Amino acid sequence: MKPYKDMNLQELRAERVRLEEILKTFKDKNLNLLIARGIPSAEQVEVSNEMLDVINSKTVNISSDGVDCRNYGGGLTGIAEAKELFSEYLGVGADEIMVAGNSSMGIIGEILAHSIRKGVLGSTKPWSAYPKIKFLCPVPGYDRHFGFCEYFDIEMIPVPLGEEGPDMDIVEKLAAEDETIKGMWCVPKYSNPSGISYSDETIRRLANMKTAADDFRIFYDNAYAVHYVYKMVEILNILEECKKAGNPNRVYMFGSTSKMTFPGAGVALFAASKENIEHVIKGMSAMWTGWDKINMLRHARFLKNKENIMRIMSRHAAILRPRFDIVINAIERELVPAGAGDCIRPDGGYFVMYRAPNGCAKAIFDTCKECGVTVTTAGATHPYGKDPDDTYLRIAPSAASLSVLDEAMQIFCAAAKFVTVNKQISALIGA
């Protein structure tokens with residue numbers, strides 16, 4: 001394929017006509033193909049069906065520490081089996097973890113709200129006492145994190161995300177200069193949406209860096225800790241690194257089983273220093289008496305240990321891999337040679353991040369939409385929905401069938417080429 005940048009005006013116009021005909025064919029089919037959300041497929045959900053049988057009216061539903069999981073009691077940190085299992089999973093102590101409700105997003109929101117209302121451990125005043133507080137936001141990043149900031153009126157400061165994590169020179173400079181920078185979002189493994197994992201150096205620098213704010217917190221959303229597709233990556237334990245650096249209370253770690261077992265019916269995880277856990281429990285006890293202990297017991301008995309979790313995740317990877325192959329192969333076969341964008345090949349996670357030629361992402365999104373394909377909204381990868389270069393689009397391969405995904409990528413590639421050709425024509429004629 002001849003790159004579009006090497007075509008003359010006549011060749012580009014002929015290519016545009018060809019692509020218009022392809023897109024019209026798809027428009028006439030009135031399709032509705034969704035590749036916008038990172039939700040597990042029906043095949044993946046079925047991997048955990050046996051979990052529905054481990055608890056019933058005939059099983060002993062008492063936890064190993066004697067808590068009747070059908071009743072009140074047990075406190076806010078979770079039952080013993082669940083804490084043992086998930087402390088192994090996250091690499092923390094049993095007194096450094098809370099196994100909570102069904103949603104890590106819910107726990108993140110609770111802790112963020114508490115920090116604003118009451119402050120964090122060691123705060124001299126709550127975050128709400130400042131006229132404005134700010135968070136560092138690696139970009140491209142996760143739109144739900146940005147949504148928290150918008151809801152709580154936290155100013156977002158974008159920081160470039162590279163192949164080893166956020167640009168630490170920028171992070172260190174900003175955090176050291178401004179005491180109103182109270183936090184930072186991180187998705188350290190198979191990051192949403194780029195799929196990169198933080199390097200050892202990045203994690204050490206996060207743990208060791210100087211901050212102007214004594215109450216600075218890293219919101220470390222390790223949602224994809226074992227969610228590999230092609231390669232299982234190991235990263236440093238940031239809580240251990242923070243302890244070594246003399247900053248044991250700096251990090252809040254989050255996770256869940258939402259993409260291991262049943263989304264919306266899993267368990268959420270919060271890990272931090274023992275002192276942070278105690279501080280958060282004190283605040284939450286005003287609002288909560290406990291979590292769903294039956295669900296914790298069900299998960300502990302089904303998942304058993306980290307080794308078994310990895311066996312389960314290998315089944316998920318086998319389901320996801322052909323879907324990721326379709327998306328990545330289409331981009332690398334159709335778009336890269338044409339100069340119509342590329343993607344980062346992820347080791348895991350739930351997304352493929354497509355990078356369009358500058359100024360093209362929104363037009364590609366709109367063209368796909370006209371043809372019946374919905375990807376994540378252009379700009380969602382950046383704070384306030386504003387991608388300054390208009391270049392990133394997030395594709396979610398997980399939920400669609402292979403046939404749907406194949407057709408969706410045919411449309412996506414045609415749309416990306418069409419928009420790129422139009423941009424090249426405009427450049428040549430000076431429009």
Side-chain angles (χ1 to χ4, degrees), residues 37-40 45 48 51-52 54-55 61-65 67-90 92 94-118 120 142 144-145 147-148 151-152 185 187 192 217 219-227 251-274 276-303 309 350:
R37 290 194 60 203
I39 59 178
V45 174
S48 297
M51 190 173 69
L52 297 174
V54 300
I55 298 287
N61 297 323
I62 309 296
S63 70
S64 62
D65 53 346
V67 174
D68 186 340
C69 294
R70 302 164 299 178
N71 208 336
Y72 289 121
L76 283 172
T77 59
I79 63 172
E81 291 98 322
K83 290 173 69 175
E84 181 180 354
L85 169 64
F86 292 114
S87 61
E88 178 193 13
Y89 168 73
L90 288 177
V92 299
D95 58 356
E96 296 173 330
I97 191 167
M98 175 196 294
V99 183
N102 70 323
S103 166
S104 58
M105 288 290 104
I107 296 301
I108 290 172
E110 289 278 7
I111 292 174
L112 190 54
H114 182 264
S115 303
I116 291 167
R117 290 192 302 263
K118 297 292 186 179
V120 303
Y142 184 25
R144 292 290 297 273
H145 292 161
F148 277 126
Y151 179 78
F152 287 111
W185 295 110
V187 183
N192 178 351
R217 289 294 183 270
F219 281 65
Y220 200 78
D221 189 357
N222 204 0
Y224 307 111
V226 292
H227 299 65
V251 65
Y252 289 159
M253 301 168 65
F254 303 93
S256 78
T257 66
S258 286
K259 291 180 174 69
M260 291 183 205
T261 58
F262 302 138
V267 292
L269 313 173
F270 168 59
S273 68
K274 178 183 176 183
N276 266 334
I277 294 289
E278 290 172 350
H279 176 78
V280 167
I281 290 290
K282 185 178 179 181
M284 282 193 173
S285 62
M287 298 175 287
W288 298 93
T289 57
W291 316 105
D292 184 345
K293 297 184 291 296
I294 287 287
N295 198 32
M296 289 184 201
L297 190 63
R298 177 188 295 121
H299 276 78
R301 290 179 178 174
F302 173 69
L303 294 174
I309 287 174
Y350 262 68

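If you're wondering where the values come from, they're calculated on a predicted model, not measured in any experiment.
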Just distance, no hydrogens or angles: give the donor-acceptor pairs under 3.5 Å from side chains in residues 261-272, sequence neighbours left out.
from: Thr261; atom 1: OG1; to: Thr257; atom 2: O; distance (Å): 3.3
from: Thr261; atom 1: OG1; to: Thr257; atom 2: OG1; distance (Å): 3.3
from: Thr261; atom 1: OG1; to: His299; atom 2: NE2; distance (Å): 2.8

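- Distance CG/Leu85 to CZ/Phe302: 11.5 Å, rounded to 0.5 Å.
- The closest donor-acceptor contact from the side chain of Trp291 to the backbone of Leu76 lies under 3.5 Å.
- Side-chain contact between Ile108 and Trp185 is present, with heavy atoms from C-beta onward closer than 4.5 Å.
- With sequence neighbours excluded, the residues forming a side-chain contact (heavy atoms from CB on, under 4.5 Å) with Lys259 are Pro40, Tyr224, His227, Tyr350, listed by chain and number.
- Open room surrounds CZ on Arg37; 12 or fewer heavy atoms of other groups in view lie less than 6.0 Å from it.
- For Ile294, the side-chain contact (heavy atoms from CB on, under 4.5 Å) partners are Ile55, Asn61, Cys69, Arg70, Asp292, Arg298, not counting sequence neighbours.
- Not counting sequence neighbours, Ser87 has no partner by the side-chain hydrogen bond (donor to acceptor under 3.5 Å, both in side chains) test.
- Here the closest non-hydrogen pair linking Ala80 and Ser64 is CB-OG, 3.5 Å.
- With sequence neighbours excluded, the residues satisfying side-chain contact (heavy atoms from CB on, under 4.5 Å) with Glu88 are Asn305, Lys306.
- Between Ile277 atom CD1 and Thr77 atom OG1 the span is 8.5 Å, to the nearest 0.5 Å.
- Lys293 pairs with exactly one of Asn71, Ile79, Asp68, Val99 by the side chain to side chain contact (heavy atoms under 4.5 Å, CB included) rule, that one being Ile79.
- Residues that satisfy the side-chain contact (heavy atoms from CB on, under 4.5 Å) test with Phe152, not counting sequence neighbours, are Leu112, Ala113, Ile116, Phe148, Ile154.
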Output, in order, the C-alpha distance, side-chain angles, deciding distance and verdict of side-chain contact (heavy atoms from CB on, under 4.5 Å) for Val226 and Met260. CA-CA 9 Å; Val226 292; Met260 291 183 205; 4.1 Å; yes
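- How far OG of Ser258 is from CG of Asn102: 7.0 Å, rounded to the nearest 0.5 Å.
- Leu303 places none of its side-chain heavy atoms less than 4.5 Å from the side chain of Tyr89.
- Rounding to the nearest 0.5 Å gives a distance of 6.0 Å between CZ of Arg144 and CE of Met105.
- Atom-to-atom distance recorded for Thr289:OG1 and Tyr72:OH is 5.5 Å, nearest 0.5 angstrom.
- Judged by distance alone, with hydrogens and angles left aside, the side-chain atoms of Ser63 form no donor-acceptor pair with the main-chain N or O of Glu81 at under 3.5 Å.
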Candidate pair Asp95 and Glu278, rule side-chain contact (heavy atoms from CB on, under 4.5 Å), full reasoning: CA-CA 9 Å; Asp95 58 356; Glu278 290 172 350; over 6 Å; no
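- In terms of heavy-atom proximity, Leu90 sits nearest to Met253 at O-CE, 4.2 Å.
- Taking the six-membered ring where tryptophan is involved, the planes of His114 and His279 are perpendicular, since the angle between them exceeds 60° and thus also 30°.
- Atoms NE2 and CG, on His145 and Asn192 in that order, are 8.0 Å from each other to the nearest 0.5 Å.
- Shortest non-hydrogen contact noted between Lys274 and Glu96 is N-CG, 3.9 Å.
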